[in-house]
Amino acid sequence: MLTLTEIAANPHRLTRRLSPGGGPDVIVRPLTHADAGPLAEFLGALSPASRRFSTFDGYDLATAQELCDAIARHDKLRLVLQEVPSGRIVGLLEFGLALTASDTARYRDAGIRLSEATDCRFGPTLADDHQGRGVGTLVFPLVTETARLLGRRRIILWGGVRADNPRAIRYYEKNGFRRVGSFTEADGSLSLDMMLDPDPDPDPDPDPGPGPAGSATRRGRP
């Protein structure tokens with residue numbers, strides 16, 4: 001099992017080159033401390049629609065610097081997609097190794113007991129001009145490999161997926177995610193919880209609990 005410190009010290013372990021059809025190649029690699037500027041440009045260029053589906057604390061250099069400063073210091077792993085040969089960052093993949101209380105409560109209400117020993121959170125964001133080009137499908141084997149190397153067997157969506165984002169829902173279902181439940185966002189809209197469990201087993205102690213599930217924390221920092 002790889003640790004975040006080991007990945008930061010040897011990023012080549014999780015570096016891949018992808019060749020999407022009809023476009024330039026993309027390098028997928030761990031975020032580094034030198035990425036603050038290009039990452040800020042990526043965040044700042046996201047459209048309002050993309051920002052609604054992938055929310056961050058900010059979309060500027062301060063937020064990008066915060067993410068870079070957090071490398072190997074907390075419970076998150078972030079991979080960037082870098083376009084060849086321009087070097088432009090065109091995607092960000094986030095893995096969270098800690099679970100939120102709201103995640104745990106919602107899944108418990110659905111009869112699923114989450115565990116930080118086996119589960120992780122995952123959230124992707126692509127640049128607007130790279131959406132719908134098949135990049136997400138090409139990178140998904142690395143997503144599951146990364147979770148496995150981190151010692152996690154199941155993947156849940158980081159903050160769920162908006163119910164009015166059918167393209168994303170189709171993408172997750174195509175790659176093996178199943179719908180677990182739904183919840184209401186702060187703005188009153190509906191989101192779905194989805195999980196990828198390659199080897200589902202019955203929960204030996206589901207303990208659904210009495211309380212209502214809370215809403216997800218989207219893109220928690222640092």
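Below, each value reflects all heavy atoms present in this structure, side chains not excepted, and no hydrogens, waters or symmetry copies.
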Worksheet item: Between the main-chain N or O of V90 and the side-chain N or O of H130, is there a donor-acceptor pair closer than 3.5 Å?
Response: no
Worksheet item: Going from CG on L99 to CD on E116, what distance comes out if it is rounded to the nearest 0.5 angstrom?
Response: 4.5 Å
Worksheet item: Is there a donor-acceptor contact under 3.5 Å linking the side chains of Q82 and R29?
Response: yes
Fill in: Short N-O contact, R52 and D164, less than 4.0 angstrom
yes
Worksheet, complete the sentence: All heavy atoms of D193 vs all of G160, minimum pair found to be OD1-CA, 4.2 Å
Worksheet item: Quick one: are R179 and V161 in side-chain contact, heavy atoms under 4.5 Å?
Response: no
Worksheet item: What pair of heavy atoms forms the shortest contact from P24 to R133, and how long is it?
Response: CD-NH2, 3.6 Å
Discussion item. One pair to check against side-chain contact (heavy atoms from CB on, under 4.5 Å): W158 and K76. What are the steps and the verdict?
Written reply: CA-CA 12 Å; W158 189 328; K76 313 242 179 0; 3.2 Å; yes
Discussion item. Test your reading of the model: is there a side-chain donor-acceptor pair from T146 to the backbone of L142, 3.5 Å cut-off?
Written reply: yes
Item to complete: Answer yes or no: is there a side-chain heavy-atom contact under 4.5 Å between V143 and I155?
Response: yes
Worksheet item: Do you reckon L61 sits in the same ILVMFWY cluster as Y59, going by side-chain contacts under 4.5 Å, direct or chained?
Response: no
Response to the item:
Output for pair (R121 CZ, D103 CG), nearest 0.5 Å, gives 5.5 Å
Worksheet item: Is the closest side-chain heavy-atom distance between R13 and L2 below 4.5 Å?
Response: yes
Fill in: Flag for E6-N10: side-chain donor and acceptor within less than 3.5 Å
no
Worksheet entry | Sub-4.5 Å side-chain heavy-atom contact between L18 and V139 | yes
Fill in: Check ion pair R162-D187 (N to O, under 4.0 angstrom)
yes
Discussion item. Quick check for you: to the nearest 0.5 Å, what is the distance between F122 atom CZ and L77 atom CG?
Written reply: 11.0 Å
Worksheet item: Do side-chain atoms of N175 reach the backbone of Y171 as a donor and acceptor pair under 3.5 angstrom?
Response: yes
Item to complete: Determine whether V28 and V80 make a side-chain contact, defined as any pair of heavy atoms from C-beta on separated by less than 4.5 Å.
Response: no
Discussion item. Once you measure the plane-to-plane angle for F177 and Y172, does it fall in the parallel (<30°), tilted (30-60°) or perpendicular (>60°) bin?
Written reply: perpendicular
Discussion item. I'd like to check the side-chain contact (heavy atoms from CB on, under 4.5 Å) partners of S115; sequence neighbours left out, ordered by chain and number.
Written reply: A117, T118, D119
Item to complete: Could you tell me whether R16 and E145 make a salt bridge, using a distance below 4.0 angstrom between a side-chain N and a carboxylate O?
Response: yes
Worksheet item: Side-chain donor-acceptor pair under 3.5 Å between T3 and T5, yes or no?
Response: no
Discussion item. Check this for me, if you would: do D197 and R178 make a salt bridge, where the nitrogen-to-carboxylate-oxygen distance has to be below 4.0 angstrom?
Written reply: no
Worksheet item: When you measure from the side chain of T15 to the backbone N and O of P11, does any donor-acceptor pair fall under 3.5 Å?
Response: yes
Discussion item. Could you tell me if the side chain of R153 sits less than 4.5 Å from the side chain of R148, heavy atoms only?
Written reply: no
Worksheet entry | Main-chain N/O of T63 paired with D60 side-chain donor or acceptor, under 3.5 Å | yes
Discussion item. Would you say that L81 contacts L92 through its side chain, given a criterion of any heavy-atom pair below 4.5 Å between the two side chains?
Written reply: no
Discussion item. Looking at every non-hydrogen atom in both residues, tell me the closest pair between L114 and R154 and how far apart they are.
Written reply: CA-NH2, 3.9 Å
Worksheet entry | Distance in Å, D57 CG paired with L43 CG, rounded so as to fall on 0.5 Å steps | 10.5 Å
Worksheet item: Can you tell me if R108 uses its side chain to pair, donor with acceptor, with the backbone of R106 under 3.5 Å?
Response: no
Discussion item. Looking at every non-hydrogen atom in both residues, tell me the closest pair between L39 and I89 and how far apart they are.
Written reply: N-CD1, 3.7 Å
Worksheet entry | Polar side-chain atom of T144 near backbone of P141 as donor-acceptor pair, under 3.5 Å | yes
Item to complete: Apply the test side-chain contact (heavy atoms from CB on, under 4.5 Å) to residues H74 and L97: give CA-CA distance (whole Å), side-chain angles for both, the deciding distance (0.1 Å), then the verdict.
Response: CA-CA 9 Å; H74 302 287; L97 304 186; over 6 Å; no
Worksheet entry | Closest approach of I169 to M194 (non-hydrogen atoms, all atoms of both residues) | O-CE, 4.4 Å
Practice prompt. Identify the two heavy atoms, one from C68 and one from A36, that lie closest to each other, and give their separation to 0.1 Å.
Written response: SG-N, 3.6 Å
Item to complete: Check for a donor-acceptor pair, side chain of R78 on one end and backbone N or O of F95 on the other, with a separation under 3.5 Å.
Response: no
Worksheet item: Is there side-chain contact between L4 and D75, with at least one heavy-atom pair below 4.5 Å?
Response: no
Worksheet entry | R51 vs D128, salt bridge (Lys or Arg N to Asp or Glu O under 4.0 Å): CA-CA, chis, key distance, verdict | CA-CA 10 Å; R51 294 185 184 194; D128 287 75; over 6 Å; no
Discussion item. Under a 3.5 Å cutoff, is there a donor and acceptor pairing between the side chains of E94 and T125?
Written reply: no
